[in-house]
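Please read the structure below before turning to the comments.
A, B, ... follow the sequence lines: proteins, then strands. Residue 1 opens every chain. Bear in mind the structure is a predicted one, so any value in this text is a computation, not a measurement.
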Amino acid sequence: MLDLKFIRANPELVKEGLAKRKEDINIDRLIELDEKRRSLLTEVEQLKSKQNSVSKDIPKLKKEGKDVQPIFEEMRLLSESVKLMDGQLKEIEAEIQDMLYSIPNIPHPSVPVGDTDEDNVPVRHWGEPRKFDFDFKAHWDIGTDLGILDWASAGKVTGARFTFYRGAGAALERALINFFIDVHTKEHNYEEVFPPFMVHRNSMVGTGQLPKFEEDAFKVHNTEYFLIPTAEVPVTNIYREQILEPGVLPIKHVAYSACFRAEAGSAGRDTRGLIRQHQFNKVELVKFVEPETSYDELETLVNDAERILQLLNLPYRVSMMCTADLGFTAAKKYDLEVWMPSYNRYVEISSCSNFEDFQARRAEIKYRPAIGEKARYIHTLNGSGLAVGRTVAAILENYQQADGSVVIPEALRPYINGLEKIEKK
RNA sequence: GGAGAAGUAGCGAAGUGGUCGUAACGCGCCGCACUCGAAAUGCGGUUGUCCGCAAGGGCACGUGGGUUCGAAUCCCACCUUCUCCGCCA
């Protein structure tokens with residue numbers, strides 16, 4: 001959410017930002033509503049002030065034995081017009097709030113303007129895509145052939161876009177989760193959190209999934225709860241409606257969670273394999289930082305996520321997302337994209353974003369720079385560190401052997417009982 | 001799921017229809033004094049937010065409604081926490 005005062009003071013800047021995103025939102029209408037609101041507010045507050053001062057005098061007058069009935073009559077009328085105006089005010093404020101909730105973040109000046117993912121800008125590459133001297137397979141075939149990914153059972157038990165991991169596959173998934181968390185807690189100093197996988201509506205609004213993207217989320221029947229699309233939601237909302245004390249920033253959390261996404265509008269895309277599931281595992285990094293440091297923190301966040309791919313020796317590249325791929329809440333976003341032989345391209349495995357104060361303003365997260373100073377909004381950032389299912393896919397494809405087996409990356413072996421290779425039984 | 005109790009400043013807590021919510025009192029925190037320094041003591045300060053250039057004003061006692069000239073206080077609904085019972089991994 002943008003600051004209404006900022007919009008009021010910089011309407012052209014906001015319009016430019018929206019134009020870069022091809023968003024058509026009537027900012028003039030918003031400013032007009034804001035003006036209406038403020039004049040109505042001034043008016044009703046004057047009436048309330050009168051109400052208060054008269055109310056204060058009534059006990060005195062009563063004590064003096066004066067007749068207060070005429071004053072009651074007058075005040076009743078006053079009270080009625082206050083109620084009426086409060087009602088109008090509430091309507092205007094609701095409309096303003098709706099608009100503010102639907103305005104995306106303004107892209108950072110360094111973000112390239114673009115129309116499609118083709119306009120994203122590769123920043124750096126790491127590792128070389130492997131040259132195969134045999135007919136390599138896609139991960140869904142590798143997984144099926146090794147008996148470690150069971151699509152058929154998941155289809156029967158639940159439906160499309162779900163899978164069973166079996167045997168060494170299940171162990172691999174579990175090992176990756178532990179490996180990721182260990183690297184981030186031990187090497188990068190993140191505090192581990194294990195969050196609830198369901199949250200209520202306010203939390204989803206706080207991080208920006210709602211109200212605009214309700215069709216992307218799974219809502220739990222008979223409750224007001226939503227299945228989380230990412231651990232970002234519960235973890236960021238830990239600090240909702242809070243003023244953080246001086247000295248506690250930066251706060252860094254790493255959280256494993258299952259993630260649930262309806263994938264509305266993605267029918268027919270990536271239907272095979274682990275790339276686009278309704279449920280997947282992810283280890284998420286979330287940072288709460290002072291505004292002055294947030295862009296430096298974004299760079300280290302990306303580095304923290306990259307470290308995992310380097311340890312696993314998976315070739316990847318880092319891309320800066322253009323305005324078309326930025327997402328609603330981000331001011332700037334880097335994707336880590338891992339080389340996926342079956343796609344013959346790099347595939348997103350982590351998104352790292354700086355939201356600046358966009359989420360903090362929605363979720364009311366502030367900090368006090370020093371004792372006695374005024375509270376300010378913090379900046380929030382998060383990034384995948386990494387998506388687990390996609391990592392399994394990348395390992396299966398990049399580490400496959402001519403005989404159909406898959407070598408386990410060395411760094412991972414301590415987490416999977418020293419297993420060196422997954423072979424067909 | 002059933003019964004009961006409770007939600008007021010960073011924490012504890014007073015206030016049960018008005019003239020103390022810039023919210024008693026206590027703790028904590030900040031400053032000053034005393035001290036070589038510290039402790040103790042004393043004095044002062046210490047919520048957030050909105051409108052406004054300012055002066056000033058509005059709002060907030062878990063949340064949302066209602067009653068009333070006036071609500072922390074009365075009524076209704078909901079949320080959360082605690083205790084007991086039931087059930088359960």
Mind checking ring pair (Phe, Tyr, Trp, His ring centres under 6.0 Å) for [X] and listing every partner two or more places apart, or none if nothing turns up?
| X | answer |
| --- | --- |
| A/Phe197 | A/Phe194 |
| A/Tyr399 | none |
| A/His200 | none |
| A/Phe358 | A/Phe328 |

Donor-acceptor contact present, side-chain A/Glu297 to main-chain A/Val289, <3.5 Å: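 It does not hold such a pair.
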RNA chain B-proximal residues of residues 359-369 of chain A, any heavy atom under 4.0 Å: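 The stretch gives A/Lys366, A/Arg368 as the residues lying under 4.0 Å from the strand, ordered by number.
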Of residues 25-36 of chain A, the positions that come close to RNA chain B - non-hydrogen atoms, cut-off under 4.0 Å: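 Contacting residues: none.
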Separation between the [atom1] atoms of [N] and [M], rounded to whole Å:
| N | M | atom1 | answer |
| --- | --- | --- | --- |
| B/U46 | B/G10 | P | 14 Å |
| B/A5 | B/A60 | C1' | 25 Å |
| B/U81 | B/G62 | C1' | 10 Å |

Residues which pass side-chain contact (heavy atoms from CB on, under 4.5 Å) with A/Met75, listed by chain and number, not counting sequence neighbours: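 In terms of side-chain contact (heavy atoms from CB on, under 4.5 Å), with neighbours along the sequence ignored, A/Met75 is linked to A/Gln51, A/Val54, A/Ile71, A/Leu78.
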Partner residues of A/Glu241 under the side-chain contact (heavy atoms from CB on, under 4.5 Å) criterion, sequence neighbours left out: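 Partners of A/Glu241 under the side-chain contact (heavy atoms from CB on, under 4.5 Å) test: A/Glu364.
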Sugar-phosphate only, base, or nothing, as touched by A/Lys50 at under 4.0 Å among non-hydrogen atoms: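 If one applies the 4.0 Å heavy-atom cut-off, A/Lys50 turns out to touch nothing in the nucleic acid.
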Sugar-phosphate, base or nothing in reach of A/Asp57, heavy atoms under 4.0 Å: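 Result for A/Asp57 = nothing.
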Pairing partner (Watson-Crick or G-U wobble, both distances under 3.5 angstrom) of [N]:
| N | value |
| --- | --- |
| B/C84 | B/G2 |
| B/G7 | B/C79 |
| B/C32 | B/G42 |
| B/U47 | B/A60 |

Listed partners of A/Gln279 passing side-chain hydrogen bond (donor to acceptor under 3.5 Å, both in side chains), at least two apart: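 A/Gln279: no side-chain hydrogen bond (donor to acceptor under 3.5 Å, both in side chains) contacts found.
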Pairs satisfying ring pair (Phe, Tyr, Trp, His ring centres under 6.0 Å), at least one member in residues 139-178 of chain A, at least two apart: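 Sorted result for residues 139-178 of chain A: A/Phe162-A/His278.
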Summary of ring pair (Phe, Tyr, Trp, His ring centres under 6.0 Å) pairs that have at least one residue in residues 39-69 of chain A, sequence neighbours excluded: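 Residue pairs with at least one partner in residues 39-69 of chain A: there are none.
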Every protein N/O lying under 3.5 Å from an N/O of nucleotides 68-78 of chain B:
| residue | atom | partner | partner atom | Å |
| --- | --- | --- | --- | --- |
| B/G70 | OP1 | A/Ser79 | OG | 3.1 |

Full working for salt bridge (charged side-chain N to carboxylate O under 4.0 Å, His left out) between A/Asp357 and A/Arg376: CA-CA 10 Å; A/Asp357 61 8; A/Arg376 306 165 63 196; over 6 Å; no
